[in-house]
Amino acid sequence: MTTPHGGTPRTPASPGGFDAHHPPSPELISDCVHCGFCLPACPTYTLSGEEMNSPRGRIYQMQLINEGDAALDAAAVASFDNCLGCMACVTACPSGVQYDRLIESVRPQIERNWARTRSDRAFRGLIFRLFPYPRRLRVAAVLGAVYQRLGIRRALHRTGLLRRLPARLRALEALMPDVPLRSALRRTPERSRARADTGRTRTAHAETASAAGERGTEPATARRTVGMVTGCVQQVFFAQVNEATVRVLTAEGCDVVAPAAQGCCGALSEHAGREEEAARRARQLIDTFEPLGVDVIVVNVAGCGSTLKEYGRLLADDPEYRERAEAFAAKVRDVSELLAELTPSAPRHPVAARLAHHEACHLAHAQGVREQPRAVLGSVPELEVVDIPEADMCCGSAGVYNLIQPGPAEELGRRKADNVRSTAPDAVVTANPGCLLQISRHLDKQLPVLHPVQVIDASIRGVRPW
Ligand code: SF4
Ligand code: SF4
């Protein structure tokens, strides 16, 4: 791995290279005893064999920069940028080093104190002007559909023109999903009532309220009132996952509220060190969900969930929002966590299939949610769920990493696809749209790749999941 994109110091920062606004904590750094147990778990160390591309090496660099013994220079920025933020090292570390908090404090330092090259800034600008905006994504999805349906993609591949594009644009093109137009234009209903025909009995009052389209008086039998975060990429490119989530939750006796006005949760910005932008989006989302008074806030995107659960930390410096952010974060559950909490009441039909289960890093390592997806899938008769070799290794998606760092992302994607194939599955399940796109791409679309909730939905409805 090399210095990928260059740049220069923005201004003379503090003598050590980090400024005084939340540099990586010396206490957290001192937890690292340099044992190296995390090294085999780290994808960038596995690919490069270089200490500076390992968790231990990055922590050591943070210490040197903190202490003024090294500068925040191009090599250091490259080493931090190369980190996928997969947090496999957090799971692997026997000393409980909170590498997640360390790298999350470094990324904003880089954004504030390092001037990226013009082309790097332009590409990142394109990403952050597109992905957090569902309306813009819908336009992109329509253009993508035209591009694919009219055979332009095939023609460009045949002529070899695409190979002449810069690597990042090639990666963007290659990841483009084949989305049916009607799917890209569908929206999650704002209110969906708990169903009465799958083991729940609703009161007469509840039925009357539902028929009147009324809200605020919940049916006495609703097991939970759930606020649903619909995700930006998820709602446009994977509308079917949101629909399956609503069907499963209502079948399990929950009322679901998915406010149309909700904006991006800020996860992409936060993972990229765009701290102010992430905080602004977090405040907006809190303002949207707070008045709803829901019991639980559910999310089916692992990357968003890991940030939503961290809102308390993200807004810790904001006296107006600090406590509200903590209260919001305390309600957040991945959909698999909520389903595991609820004893299944909707009958499951058998799904006779063998599924390879890819654990999304932001669910398994960042949120520590590992058993719940297995338990939930385990409720489906005749379904065989197999772990894939090197299960802890990131697939290379990592938010927008596969667009910004296409080289290592491609190696990791191919490796993941080979490991998936080795289990000879009928399909793959994973709880993150980025992983879905990345794995689909590297499997050459030879296998269906689904969100686990789609399998549960199919089982409840008694249909084939693919
Ligand atoms: S981060 Fe943990 S596992 Fe890695 S070197 Fe430090 S103490 Fe050891
Ligand atoms: S977050 Fe992932 S890529 Fe980064 S140091 Fe840890 S294991 Fe390596």
Side-chain angles (χ1 to χ4, degrees), residues 1-4 24-66 75-110 267-268 270-273 302-303 305-307 309-310 358-370 390-413 415-416 419 432 434-435 438:
M1 269 178 175
T2 52
T3 306
S25 150
E27 290 73 38
L28 296 184
I29 288 174
S30 70
D31 288 340
C32 175
V33 296
H34 312 292
C35 64
F37 282 128
C38 55
L39 269 54
C42 174
T44 55
Y45 181 78
T46 303
L47 293 184
S48 69
E50 295 165 358
E51 179 69 16
M52 71 183 302
N53 280 308
S54 77
R56 181 176 65 185
R58 292 182 177 115
I59 292 169
Y60 187 53
Q61 282 188 77
M62 292 175 201
Q63 183 181 351
L64 291 178
I65 297 172
N66 258 353
V77 170
S79 141
F80 297 133
D81 277 355
N82 284 337
C83 170
L84 293 124
C86 66
M87 310 309 172
C89 51
V90 176
T91 302
C93 175
S95 303
V97 171
Q98 296 178 55
Y99 178 84
D100 48 347
R101 290 187 54 196
L102 288 170
I103 192 71
E104 279 157 15
S105 60
V106 167
R107 302 232 196 258
Q109 291 279 349
I110 294 175
L268 276 187
E270 204 242 344
H271 296 153
S306 69
T307 293
K309 289 181 178 178
E310 289 290 312
H358 166 66
E359 289 187 292
C361 298
H362 277 99
L363 194 58
H365 302 305
Q367 298 182 53
V369 175
R370 306 197 80 158
E390 295 188 334
D392 282 337
M393 187 73 69
C394 179
C395 66
S397 165
V400 291
Y401 187 92
N402 50 357
L403 300 178
I404 287 178
Q405 308 273 36
E410 196 154 337
E411 282 188 64
L412 291 168
R415 195 171 175 132
K416 184 61 71 180
N419 281 321
N432 198 52
C435 307
Q438 172 83 345

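Every number for a ligand or one of its atoms is a count from 1 in the order of the listing. In this text the structure is predicted, and so the values were computed from the model without any measurement.
What sits closest to atom 7 (S) of ligand 1 on the protein, heavy atoms only, is V33 N, 3.4 Å. Summary of contacts: the protein heavy atom closest to atom 4 (Fe) of ligand 1 is C38 SG, 2.3 Å.
With contacts defined as side-chain heavy-atom distances shorter than 4.5 Å, the pair H362/M87 does not qualify. The closest side-chain heavy-atom distance from Y99 to M62 is below 4.5 Å. Contact of the V369 side chain with the K309 side chain is registered, since non-hydrogen atoms from C-beta on lie closer than 4.5 Å. Using a 4.5 Å cut-off on side-chain heavy atoms (C-beta onward), N82 and M52 make no contact.
Protein nitrogen, oxygen and sulfur atoms, that is N, O or S, within less than 2.8 Å of atom 4 (Fe) of ligand 2 amount to 1.
Ring geometry for Y60 against H34 counts as perpendicular: the plane angle is over 60°, on a 0 to 90° scale with 30° as the lower cut.
S95 places no side-chain N or O within 3.5 Å of a backbone atom of V97 that could act as its donor or acceptor partner.
Residue-ligand proximity, G36 to ligand 1, at heavy-atom distances under 4.0 Å covers atoms 5 (S), 8 (Fe). Annotation for ligand 1: atoms under 4.0 Å from non-hydrogen atoms of P94 are 3 (S). Short contacts between ligand 1 and C35, defined as distances under 4.0 Å to a heavy atom of the residue, involve ligand atoms 3 (S), 5 (S), 7 (S), 8 (Fe).
Nearest to atom 6 (Fe) of ligand 1 by heavy-atom distance, out of G96, S54, C32, C93, is C32.
Between atom CG of residue L363 and atom SG of residue C435 there is a gap of 9.5 Å, rounded to the nearest 0.5 Å. For the atom pair CD1 of I29 and CZ of R58, the computed distance is 14.5 Å after rounding to the nearest 0.5 Å.
In terms of the salt bridge (charged side-chain N to carboxylate O under 4.0 Å, His left out) criterion, R101 has no residue partners (sequence neighbours excluded).
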